Amino acid sequence: AQSVAQPEDQVNVAEGNPLTVKCTYSVSGNPYLFWYVQYPNRGLQFLLKYITGDNLVKGSYGFEAEFNKSQTSFHLKKPSALVSDSALYFCAVRDRTGANNLFFGTGTRLTVIP
Amino acid sequence: GAGVSQTPSNKVTEKGKYVELRCDPISGHTALYWYRQSLGQGPEFLIYFQGTGAADDSGLPNDRFFAVRPEGSVSTLKIQRTERGDSAVYLCASSLNAGAGGYNEQFFGPGTRLTVL
């Protein structure tokens, strides 16, 4: 079985400060991991993915995420938050040997305060 | 280039009616997915197509839901005898050939908001 946990429904951060959005996962094998962002009235936009190799992956808009196998985590980070980063963020996972569909977390709403 | 498009953007129907939701994937993407997103939740998988065939329909909640992709491009999600609990945003996504690896990212459309009164 596959699952994703995003323990924080809401994250608030001041503009210019670093931000972290947490994600932990559970799969039976090795994972593929993804982050998506959802703006109001718009579809999910792909930010970044971990497939293999370097545990630190860099994505769109200055975001990065670190894969930690021992902690089964894939936290999303950005060194300096922008007000325009305010949105709903979803972590997703799929098992390398399982179904092709993604399992999503329940989302974390990020609010960057000017 | 053009992204994934979905029509209609909003659909309001009455309980018991039949609805069709359309998805037009990115050109050249052979894999197509349907998800359903309820308020406050992440998207939940419904069905996956590889080309014209439904490779995995394990997420369809019951036999009122059906999807087709007859020419391997546009897909239609069909819901019969709609119920109030079917109200949600229905998302379509496409990707390059998922294949055995399946790590190509999925590109999502804006969704169709279905409201069943």
Side-chain angles (χ1 to χ4, degrees), chain A residues 1-10 21 23-25 27 29-53 57 59-60 63 65 67 74 87-109, chain B residues 2-7 9-10 23-26 29-51 53-60 67 88-113:
Chain A
Q2 304 169 66
S3 65
V4 174
Q6 293 183 243
E8 300 158 318
D9 292 334
Q10 173 83 40
V21 182
C23 171
T24 59
Y25 66 89
V27 295
N30 291 316
Y32 294 132
L33 294 156
F34 303 81
W35 275 101
Y36 284 82
V37 59
Q38 189 172 41
Y39 296 99
N41 300 316
R42 293 175 66 178
L44 290 161
Q45 295 181 29
F46 169 77
L47 278 180
L48 52 78
K49 64 184 176 185
Y50 170 80
I51 303 301
T52 188
V57 295
S60 307
F63 284 94
F67 170 61
F74 190 56
L88 191 55
Y89 290 81
F90 289 97
C91 181
V93 66
R94 67 146 289 194
D95 188 334
R96 289 168 188 259
T97 59
N100 285 309
N101 57 285
L102 297 175
F103 284 82
F104 285 86
T106 53
T108 298
R109 184 165 300 281
Chain B
V4 177
S5 62
Q6 293 185 245
T7 55
S9 55
N10 281 283
C23 172
D24 203 336
I26 293 171
H29 282 190
T30 57
L32 185 145
Y33 306 79
W34 284 98
Y35 293 82
R36 178 168 70 175
Q37 186 176 16
S38 300
L39 192 63
Q41 300 297 315
E44 294 179 313
F45 168 72
L46 294 177
I47 187 169
Y48 153 58
F49 287 89
Q50 183 63 256
D56 183 353
D57 64 357
S58 62
L60 295 177
V89 176
Y90 289 81
L91 299 170
C92 177
S94 69
S95 74
L96 292 170
N97 188 3
Y103 57 78
N104 290 310
E105 59 267 29
Q106 297 175 23
F107 294 86
F108 284 79
T112 294
R113 182 174 298 278

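All values derive from a computational prediction rather than experimental measurement. The figures here come from the full heavy-atom set of this structure, side chains too, leaving out hydrogens, waters and symmetry mates. Here is how names work: the chains are called A, B, and so on, in the same order as the sequence lines, proteins then strands, and each is numbered from 1.
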task: Using non-hydrogen atoms and a 4.5 Å limit, figure out which bit of A/Gln45 sits close to chain B: side chain, backbone, both or neither.
output: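 No part of it gets close to chain B.
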
field: Under the ring pair (Phe, Tyr, Trp, His ring centres under 6.0 Å) test, residues paired with A/Phe46 that sit two or more places apart
entry: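 Testing A/Phe46 for ring pair (Phe, Tyr, Trp, His ring centres under 6.0 Å), a comparison that skips the adjacent residues, returns A/Tyr36.
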
field: ring pair (Phe, Tyr, Trp, His ring centres under 6.0 Å) against A/Tyr50, all qualifying residues, sequence neighbours excluded
entry: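 By the ring pair (Phe, Tyr, Trp, His ring centres under 6.0 Å) rule, A/Tyr50 matches A/Phe67.
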
- prompt: Hey, which of B/Gln106, B/Glu44, B/Arg113, B/Gln41 has the most heavy atom pairs under 4.5 Å with chain A?
  reply: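 When all of B/Gln106, B/Glu44, B/Arg113, B/Gln41 are compared, B/Gln106 has the most.
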
field: CA sep, side-chain torsions, deciding dist, call: B/Tyr35, B/Ile47, side-chain contact (heavy atoms from CB on, under 4.5 Å)
entry: CA-CA 7 Å; B/Tyr35 293 82; B/Ile47 187 169; over 6 Å; no

message: Checking A/Gln10 against A/Thr108: is there a side-chain donor and acceptor pair closer than 3.5 Å?
response: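 Side chains of A/Thr108 and A/Gln10: no pair found under 3.5 Å.
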
task: Sort B/Gln37 into side chain, backbone, both or neither according to what part of it lies under 4.5 angstrom from a heavy atom of chain A.
output: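 Just the side chain, heavy atoms under 4.5 Å.
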
